[in-house]
S.K.: 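One structure follows; several queries about it will come next.
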Amino acid sequence: MRVAIVGGGMGGLTLARILHRHGIDAVVYERDANRSARQQGGPLDLHPESGQRALADAGLAGDFRSAARPEGEEHRILDPAGRTLVHHWPAPGSFSGRPEIDRSVLRDLLLDSLPGGTVAWQRQLVAATPRPAGGFELTFADGHRAGCDVLVGADGARSVIRPLLTDARLSHVATVVELGISDAEHRHPDIAELVGPGNFWCIGVNRVLSAQRLGDGSIRVGISLRADDRPLAHYRSRRALLELFDGWHPRLTALIEASDSPPLPRRIETMPTDARWAHRPGLTLVGDAAHLMPPVGEGANQAMLDAAELAAALAADPTDPDAAIRAYEEAMFARIQPIAEMCARVQAMMLSPTAADDIVRFFTPRPAEPASAG
């Protein structure tokens, strides 16, 4: 069984690693030139029931614990006047919650766990053609061709593989602008103290100003806005970004002023929460290619769990990959729909006019119900 995985993100690499542990060879085709070709984004909080479970299946739980930052689970939520609404401290050194790990560190951990040659770099897929006897013929932008028996699309939001299975349309639900502050502890100690070791959000009306501490001491700043028709170029101006937060406390807008990287805007798109497709032999999807959701903490975790469940199904009966794919897909559809619906609700809540009050209620534990006397 020759398995081709298109996309070298968390889902694709986790799948390749677990298949390798089961003695099933796979090739990961990645369009980047090498592992350092582009930045990998901010930290991830890995959940015990999904991302951490997948790493355990991959035999990498110990490596994860060595590289993760439990203190990164701390989160602070403020209002535009700078008042603290919520402040959560995790138990020191505890891995029982959702410890943070930088995306680049996790990707390197997975890459280093694979045999040499597993990842074929600089391979941008342009076509996947069914073969008469089963499987697919793959054609890449550089003219390279390869064949496979099982094709897995792990190629993200703009998946090339997805249209082979579904015509689900993407919806624009938000705009996000990312900036960065390097060496914050030394260059901007006041900002480093404000953000803390984990996640920081300031919740206003229809907009969020956020920040995340990375393991290298830098801070990733994010601006989240409701979807609009403005061109993305509008948000490349730091002045335009500051105007969005006119009247906010200066120590909050200092996050924008202190950034030393150019603003990077992008549209946030999602698939329908009930998206599914009819089974097609030798073909399936994992991660954002299968179920693109708002970025509220589930994307990478669910991609890695997809990979673990698909790998387990294929390893259970390598002689019947189609039965394995069918079983994986049915279980994945049932698991993902409620999670996608929850993510859509959280996304809408974060960018609503009443977001601050809603968030406080979301994070405030409900009092226990009194025990029944009967």
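Remember, predicted model here, so these are calculated numbers, not experimental data. Position 1 is the first residue of the sequence, and the numbers go up from there.
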S.K.: Without swapping roles, check the side chain of Asn301 against the backbone of Gly297 for a donor-acceptor pair under 3.5 Å.
M.R.: yes

S.K.: Assigning hydrophobic clusters by single linkage (Ile, Leu, Val, Met, Phe, Trp, Tyr; side-chain heavy-atom cutoff under 4.5 Å), is Val205 placed with Val360?
M.R.: no

S.K.: So, the side chain of Ser66 versus the backbone of Gly62: is there a donor-acceptor pair under 3.5 Å, distance only?
M.R.: yes

S.K.: Any non-hydrogen side-chain atom of Asp167 less than 4.5 Å from a side-chain atom of Pro163?
M.R.: no

S.K.: Under the 4.5 Å side-chain heavy-atom rule for ILVMFWY, direct or indirect, which residues accompany Ile268?
M.R.: Val173, Val176

S.K.: Looking at every heavy atom in both Ala356 and Ile203, which two are closest together, and how far apart are they?
M.R.: N-CG2, 3.6 Å

S.K.: Between Asp79 and Arg83, does at least one N-O distance fall below 4.0 Å, as a salt bridge requires?
M.R.: yes

S.K.: Please walk me through it: do Met332 and His291 pass side chain to side chain contact (heavy atoms under 4.5 Å, CB included)?
M.R.: CA-CA 10 Å; Met332 182 267 289; His291 42 69; 3.7 Å; yes

S.K.: For Arg276, I'd like to know if atom CZ has over 12 heavy atoms of other residues, nucleotides or ligands within 6.0 Å.
M.R.: yes

S.K.: Ring pair (Phe, Tyr, Trp, His ring centres under 6.0 Å) with His144: which residues, sequence neighbours excluded?
M.R.: Phe140

S.K.: With respect to Arg335, which candidate in Glu329, Glu298, Glu49, Glu309 satisfies the salt bridge (charged side-chain N to carboxylate O under 4.0 Å, His left out) definition?
M.R.: Glu309

S.K.: Taking all non-hydrogen atoms of both residues, which atom of Ala4 and which atom of Leu138 are closest, and how far apart?
M.R.: CB-CD1, 3.8 Å

S.K.: Nearest 0.5 Å please: distance from the CG atom of Leu15 over to the OG1 atom of Thr284.
M.R.: 10.0 Å

S.K.: Which Ile, Leu, Val, Met, Phe, Trp or Tyr residues join Leu179 in one cluster when any pair of side-chain heavy atoms under 4.5 Å counts as a link?
M.R.: Leu78, Val177, Ile181, Ile191, Leu194, Val195, Phe200, Leu209, Ile219, Val221, Ile223, Leu225, Tyr235, Leu241, Leu242, Leu244, Phe245, Trp248, Leu252, Leu255, Ile256

S.K.: Can you tell whether the side chains of Arg187 and Asp260 come within less than 4.0 Å, N to carboxylate O?
M.R.: yes

S.K.: Just to verify, which of Glu100, Glu73, Glu193, Glu185 counts as forming a salt bridge (charged side-chain N to carboxylate O under 4.0 Å, His left out) with Arg213?
M.R.: Glu185

S.K.: Would the distance check show the side chain of Gln52 and the main-chain N or O of Leu46 forming a donor-acceptor pair, the cut-off being under 3.5 Å?
M.R.: yes

S.K.: Would you name the heavy atoms of Met271 and Ala289 that are closest together and state the gap between them?
M.R.: SD-O, 3.9 Å

S.K.: Would you check if the side chain of Thr118 reaches a backbone N or O of Pro115 as a donor-acceptor pair within less than 3.5 Å?
M.R.: yes

S.K.: Ala128 and Leu164: which non-hydrogen atoms are nearest, and at how many Å?
M.R.: CB-CD1, 3.9 Å

S.K.: Looking only at non-hydrogen atoms, find the nearest pair between Val105 and Ala67 and report the distance.
M.R.: CG1-CB, 3.8 Å

S.K.: Between the side chains of Glu269 and Ser171, does any donor sit under 3.5 Å from an acceptor?
M.R.: no

S.K.: Could you give all pairs that pass the ring pair (Phe, Tyr, Trp, His ring centres under 6.0 Å) test and reach residues 32-53, with sequence neighbours left out?
M.R.: none

S.K.: Could you tell me whether Asp358 and Arg345 have a side-chain N and a carboxylate O separated by less than 4.0 Å?
M.R.: no

S.K.: Is a donor on one side and an acceptor on the other found under 3.5 Å between the side chain of Arg162 and the backbone of Ala157?
M.R.: yes

S.K.: So, Ser352 side chain and Ala355 main chain: donor-acceptor pair closer than 3.5 Å or not?
M.R.: yes

S.K.: Please check if the side chain of Ser218 supplies one atom and the backbone of Ser182 the other of a donor-acceptor pair under 3.5 Å.
M.R.: no

S.K.: Might you work through the side-chain hydrogen bond (donor to acceptor under 3.5 Å, both in side chains) test for Arg238 and Ser259, ending with a clear yes or no?
M.R.: CA-CA 9 Å; Arg238 194 172 269 101; Ser259 64; 2.8 Å; yes

S.K.: Do Ile336 and Leu283 belong together in a cluster built from hydrophobic side chains that touch within less than 4.5 Å?
M.R.: yes

S.K.: For the pair Arg251 and Asp190, find out whether any cationic side-chain nitrogen is under 4.0 Å from an anionic carboxylate oxygen.
M.R.: no

S.K.: Hey, are the side chains of Arg266 and Glu178 touching, using non-hydrogen atoms and a 4.5 Å cut-off?
M.R.: yes

S.K.: Are Arg69 and Asp102 ion-paired here, with the side-chain N under 4.0 Å from a carboxylate O?
M.R.: yes

S.K.: Any ring pair (Phe, Tyr, Trp, His ring centres under 6.0 Å) pairs touching residues 162-196, not counting sequence neighbours?
M.R.: none

S.K.: Any sub-3.5 Å donor-acceptor pair from Arg131's side-chain atoms to Cys148's backbone N or O?
M.R.: yes

S.K.: Donor-acceptor pair, distance only, cut-off 3.5 Å: does the side chain of Ser159 make one with the backbone of Ile161?
M.R.: yes

S.K.: Among all residues two or more places apart in sequence or in another chain, which pass the ring pair (Phe, Tyr, Trp, His ring centres under 6.0 Å) test with His88?
M.R.: His75

S.K.: Is it the case that the side chains of His279 and Glu330 hold a donor-acceptor pair, with the cut-off being a distance below 3.5 Å and no angle test?
M.R.: no

S.K.: Ion pair present between Arg123 and Glu30, side-chain N to carboxylate O less than 4.0 angstrom?
M.R.: no

S.K.: Answer yes or no: are there more than 12 heavy-atom neighbours, outside Asp228 itself, under 6.0 Å from its atom CG?
M.R.: yes

S.K.: Regarding Asn199 and Gln212, do their side chains bring together a donor and an acceptor under 3.5 Å, going by distance alone?
M.R.: yes

S.K.: Do Ile18 and Leu106 share a hydrophobic cluster, counting only Ile, Leu, Val, Met, Phe, Trp and Tyr and linking them when any side-chain heavy atoms are less than 4.5 Å apart?
M.R.: no

S.K.: More than 12 foreign heavy atoms under 6.0 Å from CG of Asp112: is that the case here?
M.R.: yes

S.K.: Checking Trp277 against Phe333 for the ring-ring contact (aromatic ring centres under 6.0 Å, His included) test, could you report, in this order, the C-alpha distance in whole Å, the side-chain angles of both residues, the deciding distance, and whether it holds?
M.R.: CA-CA 9 Å; Trp277 55 84; Phe333 293 145; 4.8 Å; yes

S.K.: May I ask you to decide if Leu165's main-chain N or O and Arg280's side chain share a donor-acceptor pair within less than 3.5 Å?
M.R.: no

S.K.: For the residue pair Val3 and Asp149, establish whether any side-chain heavy-atom pair is separated by less than 4.5 Å.
M.R.: no

S.K.: Do Leu305 and Met10 belong to the same hydrophobic cluster, where Ile, Leu, Val, Met, Phe, Trp and Tyr are linked whenever their side-chain heavy atoms lie under 4.5 Å apart, directly or via other members?
M.R.: no

S.K.: Establish whether Val6 and Leu292 are linked, either directly or via other cluster members, by ILVMFWY side-chain heavy-atom contacts under 4.5 Å.
M.R.: no

S.K.: For Gly282 and Asp322, work out which heavy atoms get closest and say how close.
M.R.: N-OD1, 2.7 Å

